[in-house]
Amino acid sequence: MNTEQLNKFSVLHQKIRDIEEDIKKTSSSAVKKALEEELDDLHRQVDELVKK
C-alpha cells in the first residue's frame, strides 16, 4: 500500500469504529439499521482498497 491508500484505510477504520460505537449507544432500530448499512458500505470500501 502506498501512503495515500494507508491514509484512506486509516480514515475508513476510524469511521468504522465511530459507527460501531454509535450502534452500541442507540436504542432506535431504524437508526441501528441505517448505521449498519453505512458500516457495510465502509467494509466494502476497505475490501476494495485492500484488493488494490
Side-chain angles (χ1 to χ4, degrees):
M1 276 191 190
N2 62 34
T3 304
E4 182 181 344
Q5 288 171 314
L6 287 172
N7 288 340
K8 286 180 184 179
F9 184 77
S10 178
V11 169
L12 289 170
H13 189 250
Q14 184 60 49
K15 286 180 180 180
I16 288 169
R17 284 189 296 194
D18 291 346
I19 290 173
E20 287 172 340
E21 284 300 310
D22 290 344
I23 288 171
K24 289 178 188 174
K25 292 177 185 175
T26 189
S27 59
S28 167
S29 60
V31 172
K32 279 186 184 182
K33 184 172 172 35
L35 289 170
E36 287 168 352
E37 288 174 4
E38 188 173 347
L39 190 60
D40 288 344
D41 181 54
L42 290 172
H43 281 292
R44 277 191 293 278
Q45 289 180 43
V46 168
D47 289 344
E48 290 172 14
L49 189 58
V50 171
K51 288 179 185 177
K52 289 184 179 179

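Numbering of residues begins at 1 and proceeds along the displayed sequence.
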Exercise. Salt bridge check: are Glu36 and Lys33 linked by an N-O gap of less than 4.0 Å?
Worked result: no

Exercise. Taking atom CG of Asp40 and atom CD of Gln45, what is their separation to the nearest 0.5 Å?
Worked result: 11.5 Å

For this session: Flag yes if more than 12 heavy atoms outside Lys32 fall under 6.0 Å of its NZ atom; otherwise flag no.
Result: yes

Seminar exercise, completed: When Thr3, Asn7, Asn2 are each screened for side-chain contact (heavy atoms from CB on, under 4.5 Å) with Gln5, the one that passes is Asn2

Problem set entry | Single-linkage hydrophobic cluster, 4.5 Å side-chain cutoff, Leu49 and Leu6 together | yes

Exercise. Looking at Leu35 and Ile19, what are the two nearest heavy atoms and their distance?
Worked result: O-CG2, 3.5 Å

For this session: First locate atom CZ of Arg44, then atom CG of Leu39, and finally report the distance between them rounded to the nearest 0.5 Å.
Result: 10.0 Å

Problem set entry | Euclidean distance, Asp22 CG relative to Lys15 NZ, rounded to 0.5 Å | 13.0 Å

Exercise. Honestly curious: do Val11 and Phe9 fall in one hydrophobic cluster under the side-chain, below-4.5 Å linking rule?
Worked result: no

Exercise. Would a 4.5 Å heavy-atom cut-off, applied to side chains only, mark His13 and Val46 as touching?
Worked result: no

Exercise. Does the salt bridge (Lys or Arg N to Asp or Glu O under 4.0 Å) test come out yes or no for Arg17 and Glu20, once each step is laid out?
Worked result: CA-CA 5 Å; Arg17 284 189 296 194; Glu20 287 172 340; over 6 Å; no

